[in-house]
Asker: 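One structure, pasted below without further comment.
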Amino acid sequence: LADVECDTLIADCPYSARTHGGQDARVDSWKELQYPAWSPADVREFVAAMLPKCRGWFVSITDDVLGPVWREAYEEHGRYAFPRVPWIDPTRGVRLGGDGPASSTCDIMVCRPRTREFASWGSLPGFYIVNGERGCAVRGAKPLALMRALVRDYSKPGSVICDPCAGGGTTARAAQIEGRNFIGAEMDAETHAKAIERLAQPFTAALFTDT
């Protein structure tokens, strides 16, 4: 993606070591992930590399550990950074039965250029309530409904969306359905093949789009 430019970047990058490691048997399946957790340094390196390539909104889904790091990194590069936007998944349960509150949210960290165009973009949701999906192409993939909502809210029809951590192609599929262009990357060959197969399948485009 060295020469890529985009209108909007939407990514679901690796989470912190705490999330990847899990705390008990319920989240032991995180060990099946084929990629390492990210540190604060990884977040800052990613933002420094990709933010200059993005003309508009920059959106990252993360956990509560790295959420503040994303916001600080955005601000260090002169972007207007917003407080976390929670994604609430009512289907997510507690980490361990009887072990306190459910872990039902992820943090969506958003920033924009400090320009009049984006300051007058319009009001956007302060949270998303979307059920998770079973049988995703890759572990940890986000629901298509959530990614479609983010695509609609943070881009315009015909714009270019970039996802440098494309995984099984959920954001790419959302872009297809919502009438956007997409470019992305996935380093794991098997996961990349799943994404290509998915994107080749027929789909029904959104009947109504924003203008």
Asker: Which ILVMFWY residues can you reach from Ile88 by hopping between side chains whose heavy atoms are under 4.5 Å apart?
Answerer: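 Reading the cluster by chain and number, Ile88 sits alongside Phe127, Ile129.
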Asker: To the nearest 0.5 angstrom, please state how far the CD1 atom of Ile161 sits from the CD1 atom of Ile10.
Answerer: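 So the gap between those two atoms works out to 4.5 Å.
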Asker: Atom CZ of Arg18 and atom CG of Leu66: how far apart are they, to the nearest 0.5 Å?
Answerer: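 Rounded to the nearest 0.5 Å, the CZ-CG separation comes out at 11.5 Å.
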Asker: State whether the number of non-hydrogen atoms from other residues, nucleotides or ligands found under 6.0 Å of Glu75 atom CD is greater than 12.
Answerer: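 Buried by this count: over 12 neighbours within 6.0 Å.
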Asker: Considering residues at least two apart in sequence or located in another chain, which fulfil the ring-ring contact (aromatic ring centres under 6.0 Å, His included) criterion with Tyr80?
Answerer: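 Scan of Tyr80 (ring-ring contact (aromatic ring centres under 6.0 Å, His included), adjacent residues dropped) gives Phe82.
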Asker: Consider only side-chain N and O atoms of Arg180 and Ser155, and report whether a donor and an acceptor are under 3.5 Å apart.
Answerer: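 Note: Arg180 and Ser155 side chains meet the donor-acceptor criterion.
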Asker: Out of the candidates Val151, Thr204, Leu144, only one should pair with Ile177 under the side-chain contact (heavy atoms from CB on, under 4.5 Å) rule; please name it.
Answerer: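 Of Val151, Thr204, Leu144, side-chain contact (heavy atoms from CB on, under 4.5 Å) with Ile177 is met by Leu144 alone.
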Asker: Excluding sequence neighbours, so at least two apart, what forms salt bridge (charged side-chain N to carboxylate O under 4.0 Å, His left out) with Arg55?
Answerer: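 With neighbours one apart ignored, the set is Glu5, Asp7.
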Asker: Test your reading of the model: is there a side-chain donor-acceptor pair from His20 to the backbone of Tyr15, 3.5 Å cut-off?
Answerer: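 Pair found, side chain donor or acceptor close to backbone of Tyr15.
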Asker: In the hydrophobic clustering that connects Ile, Leu, Val, Met, Phe, Trp and Tyr at side-chain heavy-atom distances below 4.5 Å, which members other than Ile196 occupy its cluster, ordered by chain and number?
Answerer: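 Members alongside Ile196: none; it stands by itself.
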Asker: Which pairs pass ring-ring contact (aromatic ring centres under 6.0 Å, His included) with one or both residues in residues 143-168, sequence neighbours excluded?
Answerer: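 ring-ring contact (aromatic ring centres under 6.0 Å, His included) check on residues 143-168 returns Trp57-Tyr154.
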Asker: Which donor-acceptor pairs under 3.5 Å do the side chains of residues 36-48 make with protein atoms, sequence neighbours left out?
Answerer:
| unit_1 | atom_1 | unit_2 | atom_2 | d |
| --- | --- | --- | --- | --- |
| Ser39 | OG | Ala41 | N | 3.3 |
| Ser39 | OG | Asp42 | N | 3.3 |
| Ser39 | OG | Asp42 | OD2 | 3.2 |
| Asp42 | OD2 | Ser39 | N | 2.9 |
| Arg44 | NH2 | Glu72 | OE1 | 3.3 |

Asker: Could you tell me whether the side chain of Phe118 reaches within less than 4.5 Å of the side chain of Cys111, counting heavy atoms only?
Answerer: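 In short, these two side chains do not touch, never coming nearer than 4.5 Å.
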Asker: Are any non-hydrogen side-chain atoms of Phe58 and His77 less than 4.5 angstrom apart?
Answerer: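 No, side chains not in contact.
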Asker: What residues form a side-chain contact (heavy atoms from CB on, under 4.5 Å) with Asn131, not counting sequence neighbours?
Answerer: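 Checked Asn131 against side-chain contact (heavy atoms from CB on, under 4.5 Å); matches are Asp89, Pro90, Thr91.
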Asker: Filter on salt bridge (charged side-chain N to carboxylate O under 4.0 Å, His left out), then keep only pairs touching residues 104-116, sequence neighbours left out; what's left?
Answerer: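 Pairs touching residues 104-116 that pass the test: Arg84-Asp107.
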Asker: How would you list, by chain and number, every residue that makes a ring-ring contact (aromatic ring centres under 6.0 Å, His included) with Tyr128, sequence neighbours excluded?
Answerer: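 Here no residue qualifies.
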Asker: The criterion is side-chain hydrogen bond (donor to acceptor under 3.5 Å, both in side chains); which residues satisfy it with Asp63, sequence neighbours excluded?
Answerer: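 Counting only residues at least two positions away or on another chain, Asp63 forms a side-chain hydrogen bond (donor to acceptor under 3.5 Å, both in side chains) with Ser16, Thr19.
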Asker: Tell me every residue that passes side-chain hydrogen bond (donor to acceptor under 3.5 Å, both in side chains) with Ser60, counting only those two or more places apart in sequence or in another chain.
Answerer: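 Ser60 satisfies side-chain hydrogen bond (donor to acceptor under 3.5 Å, both in side chains) with no residue once adjacent residues are dropped.
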Asker: Would one find more than 12 heavy atoms of other residues, nucleotides or ligands at under 6.0 Å from atom CD of Gln201?
Answerer: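 It does: Gln201 CD has more than 12 such atoms within range.
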Asker: Distance from Asp163 atom CG to Glu186 atom CD, nearest 0.5 Å?
Answerer: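 Result: 9.0 Å between the selected atoms.
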Asker: Can you list everything that forms a side-chain contact (heavy atoms from CB on, under 4.5 Å) with Leu199? Sequence neighbours excluded, please.
Answerer: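 Listed in chain order: Ala172, Arg173, Gln176.
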